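Let me begin by presenting the structure, written as structure tokens, before commenting on it.
Nothing here was measured: the structure is a model prediction, and the numbers come from that model. Counting starts at 1 for both ligands and their atoms, in listed order. No hydrogens, no waters, no symmetry mates; every other heavy atom, side chains included, goes into these values.
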Amino acid sequence: MTKLFIRNIRVSSINLYKNYTTITKPATSLKINDKEFVTDDYTNITPKILSYLNRDLHLKKDNPISIVRQRIVNYFYSSFTHGGNPIFSVYDNLSPVVTTKQNFDDLLIPEDHPSRTKSDCYYVNRKTLLRAHMTAHQSELLRSGLDNFLMIGDVYRRDEIDSTHFPVFHQVDAVRSQRKEQLFQEHSGLELFEPMFDSKNPHMFENSINDPNKQSCHSLEATKLMETQLKTHLIGLVHALFGDNVKHRWVDAYFPFTHPSWELEIFYENNWLEVLGCGIVRNEILANAGPNNTIAYAFGLGLERIAMALYKIPDIRLMWSEDSGFVSQFQNKKLNEKITYKAVSSYPQCTNDISFWLPSDVTIDTFTNNDFYDLVRDVGGDIIEQVKLKDKFVHPKTKKHSLCYSIIYRHLERTLTQAEVNKVHKEIEKAIVKAFNVVIR
Ligand code: FA5
Ligand code: MG
């Protein structure tokens, strides 16, 4: 029921995006970086989102995201060498346009997993989307024969709007694989796999994850040693970034592509902050991609969260600022220099509410919030600081459903006048009437 509903709303929102980009003919294709893509009923990528595609903040030398990237790469380059050469290779220039096979199927993400829905992802069409995580490149890189590598880039998710969420953020993802002789250098005689598992015929074995300690194909010794290495390497990274005294904790987690899996949290400014997800790569993924005699760990971490914590940057949108007041604070710094961001000045917020009646075939439970958030951001642009659901209401007599949202506007670099906010607010009202067939109250 819900699924069906999401589809209905998306169809209207495609029309909507045609409206406010004033394309009158139905768009049947979309050009991204000179490549033409056929659009369909899954297309929900907006012009606003497309405008972020080539910003490459992670490669802009003085951007905080890029400073953190360089520190992480240096940690892996210097901690893991063979004959004086780094063993990790780095991929930071992979196209964010990926297939559903790369983003989901190759990673054993089930057909009905909620992370695939149109309300969570930016789809180019049914088979193509903007990657929702850097893990989307894991299988192709394994298939090309790599064993130790980092994948760094921008990822796209439809989400709420506030100071820590933005539809584009950056991740560092990694794989480290080892063969038996590498893992058990000091304990020869131990095996990576259980005796009944034949690594030459991996598909003959049904690999289960029922045991919380390990995958059924792996030996306990191999899994435990990999777990110890994974955790030691990641704590080493956290110490290199935040100093040796930072408190941390491991939380059991679930990812379809690793088992066992964990999340690492650090205690920062009186809060536990999740910095990464990780685990032992599911053997099916390795077997499908090629290597059948290795065990691997993988992790993925978010660069924005780390940069915001390290440099005390209060709003995620600042990462995108080209204002010299922001940029200059990170320019020409030594990589490990302590930097504390100082707000240039804090310009005032303006809050306007928006209330509307839903059409009769939509309820307050089936209305897709993320469709609304995207539209608000597309019309309002970067002056949208936050959108909050304020009130839900069902009229006792007419049974009509109504929603009220507060939209908080703030420009990062100057004071907005109430008049200009009202103008944008009116535009948003007009756009949602068109897109969702609602009636403004
Ligand atoms: C993933 O994206 C997995 N692909 C990570 C992974 C890789 C697990 C390999 C196991 C093996 P998750 O959605 O939790 O998981 O995101 C990973 C990290 O990205 C989070 O820990 C966080 O640091 C960051 N992150 C996630 N969502 C956001 C967001 N909305 N804004 C900023 N950072 C985010
Ligand atoms: Mg997580």
Side-chain angles (χ1 to χ4, degrees), residues 52 57-58 64-65 68-69 72 96 98 102-104 106-109 113-116 120-122 129-139 141-142 148-177 209 215 226-227 230-231 233-234 237-238 241-242 248-266 268 271-283 285-286 295-310 313 315-320 370 373 377:
Y52 296 118
L57 296 188
H58 62 292
I65 306 282
V68 178
R69 167 191 59 91
I72 294 174
V98 298
Q102 290 173 292
N103 201 81
F104 304 115
D106 282 350
L107 295 168
L108 315 179
I109 297 174
H113 196 271
S115 68
R116 291 190 186 237
D120 281 32
C121 297
Y122 288 104
L129 72 159
L130 297 181
R131 65 189 167 209
H133 56 173
M134 287 308 292
T135 322
H137 301 286
Q138 186 184 91
S139 281
L141 293 181
L142 283 168
N148 298 290
F149 52 92
L150 300 175
M151 303 158 269
I152 307 172
D154 37 343
V155 302
Y156 296 77
R157 295 187 194 173
R158 304 184 68 203
D159 216 330
E160 52 201 297
I161 301 179
D162 65 25
S163 64
T164 61
H165 289 87
F166 200 75
V168 195
F169 60 98
H170 297 78
Q171 287 185 328
V172 175
D173 231 68
V175 171
R176 170 161 169 75
S177 343
I209 55 168
Q215 300 171 37
M226 285 298 284
E227 175 180 343
L230 168 61
K231 290 183 172 175
H233 297 164
L234 289 174
L237 173 65
V238 164
L241 293 171
F242 289 91
H248 74 268
R249 69 182 183 197
W250 290 100
V251 181
D252 285 337
Y254 171 79
F255 298 101
F257 32 93
T258 50
H259 184 78
S261 308
W262 304 273
E263 280 172 351
L264 175 58
E265 297 183 348
I266 62 168
Y268 210 78
N271 278 311
W272 285 105
L273 174 75
E274 178 202 316
V275 290
L276 61 87
C278 64
I280 309 295
V281 176
R282 290 272 294 269
N283 195 59
I285 297 175
L286 297 174
I295 185 166
Y297 73 57
F299 67 83
L301 61 80
L303 287 173
E304 271 76 355
R305 288 204 185 153
I306 293 177
M308 288 174 81
L310 271 177
I313 299 171
D315 191 311
I316 195 166
R317 291 177 300 162
L318 281 162
M319 304 292 177
W320 299 84
N370 282 349
Y373 297 150
R377 182 135 35 201

Within ligand 1, which atoms have a heavy atom of Ala298 less than 4.0 Å away? 9 (C), 11 (C)

For Thr258, the ligand 1 atoms with a heavy-atom partner under 4.0 Å come out as 10 (C), 11 (C)

Heavy-atom contacts with Gly300 under 4.0 Å: which atoms of ligand 1 show up? List them by number with element. 5 (C), 6 (C), 7 (C), 9 (C), 17 (C), 18 (C)

Below 4.0 Å, non-hydrogen atoms only: which portion of Ala132 touches ligand 1? Side chain, backbone, both or neither. neither

From the candidates Val275, Ile109, Thr164, the one that places a heavy atom nearest atom 31 (N) of ligand 1: Thr164

4.0 Å heavy-atom contact, Phe166 with ligand 1: no

The side chain to side chain donor-acceptor pair (under 3.5 Å) partners of Tyr268 (sequence neighbours excluded) come to none

Can you tell me how far CZ of Arg69 sits from CG of Leu303, rounded to the nearest 0.5 angstrom? 9.0 Å

Ranking Glu274, Gln171, His165 by closest non-hydrogen atom to atom 19 (O) of ligand 1, top hit is Gln171

Can you figure out which of Phe169, Tyr297, Trp262 has its heavy atom closest to atom 25 (N) of ligand 1? Phe169

Can you classify the ring geometry of Phe299 versus Tyr297 as parallel (below 30°), tilted (30 to 60°) or perpendicular (above 60°)? tilted

Numbered atoms of ligand 1 (with element) below 4.0 Å of Asp159, judged on heavy atoms: 30 (N)

Just heavy atoms, cut-off under 4.0 Å: does Phe299 contact ligand 1 by side chain, backbone, both, or neither? backbone

Is the ring pair His58/His170 parallel, tilted or perpendicular, if the boundaries are 30 and 60 degrees? tilted

Below the 3.5 angstrom mark, is there an N/O of Gln138, backbone or side chain, next to an N/O of ligand 1? no

Mind checking the NZ-CH2 spacing from Lys231 to Trp262? Nearest 0.5 Å is all I need. 5.0 Å

Quick one: which ligand 1 atoms are inside 4.0 Å of a heavy atom on Gly277? 6 (C), 8 (C), 10 (C)

Centres of the Tyr52 and Tyr122 rings: under 6.0 Å? no

Strictly distance-based, threshold 3.5 Å: is any side-chain N or O of Asp173 a donor or acceptor partner for the main-chain N or O of Leu301? no

Checking heavy atoms under 4.0 Å, the part of Asp173 that sits near ligand 1 is side chain

Check against side chain to side chain contact (heavy atoms under 4.5 Å, CB included), Met226 and Arg176: CA-CA 10 Å; Met226 285 298 284; Arg176 170 161 169 75; 5.6 Å; no

Going by the atom numbers of ligand 1, which of them fall below 4.0 Å from some non-hydrogen atom of Cys278? 8 (C), 10 (C)

Residue of the set Asp106, Thr135, Thr258, Leu107 for which side-chain contact (heavy atoms from CB on, under 4.5 Å) holds with Ile285: Leu107

How long is the straight-line distance from CD1 of Ile280 back to CZ of Phe255, given to the nearest 0.5 Å? 13.0 Å

Nearest-option assignment for atom 2 (O) of ligand 1, heavy atoms, candidates His259, Met151, Glu265, Arg157: Arg157

Could you state the interatomic distance from NE2 (His165) to CZ (Arg158), rounded to the nearest 0.5 Å? 15.0 Å

Less than 4.0 Å is my threshold; does some heavy atom of Glu304 fall inside it relative to ligand 1? no

Under 4.0 Å, heavy-atom basis, I'd like to know which part of Ile306 is in contact with ligand 1: side chain, backbone, both or neither. neither

Distance to the ring centre below 6.0 angstrom and angle to the axis at most 45 degrees; does that hold for Arg377 and Phe166? yes

Note: ligand 1 atoms sitting under 4.0 Å from heavy atoms of Leu276 are 21 (O)

Below a 4.0 angstrom heavy-atom separation, can you tell me which part of Thr135, side chain or backbone, both or neither, approaches ligand 1? side chain

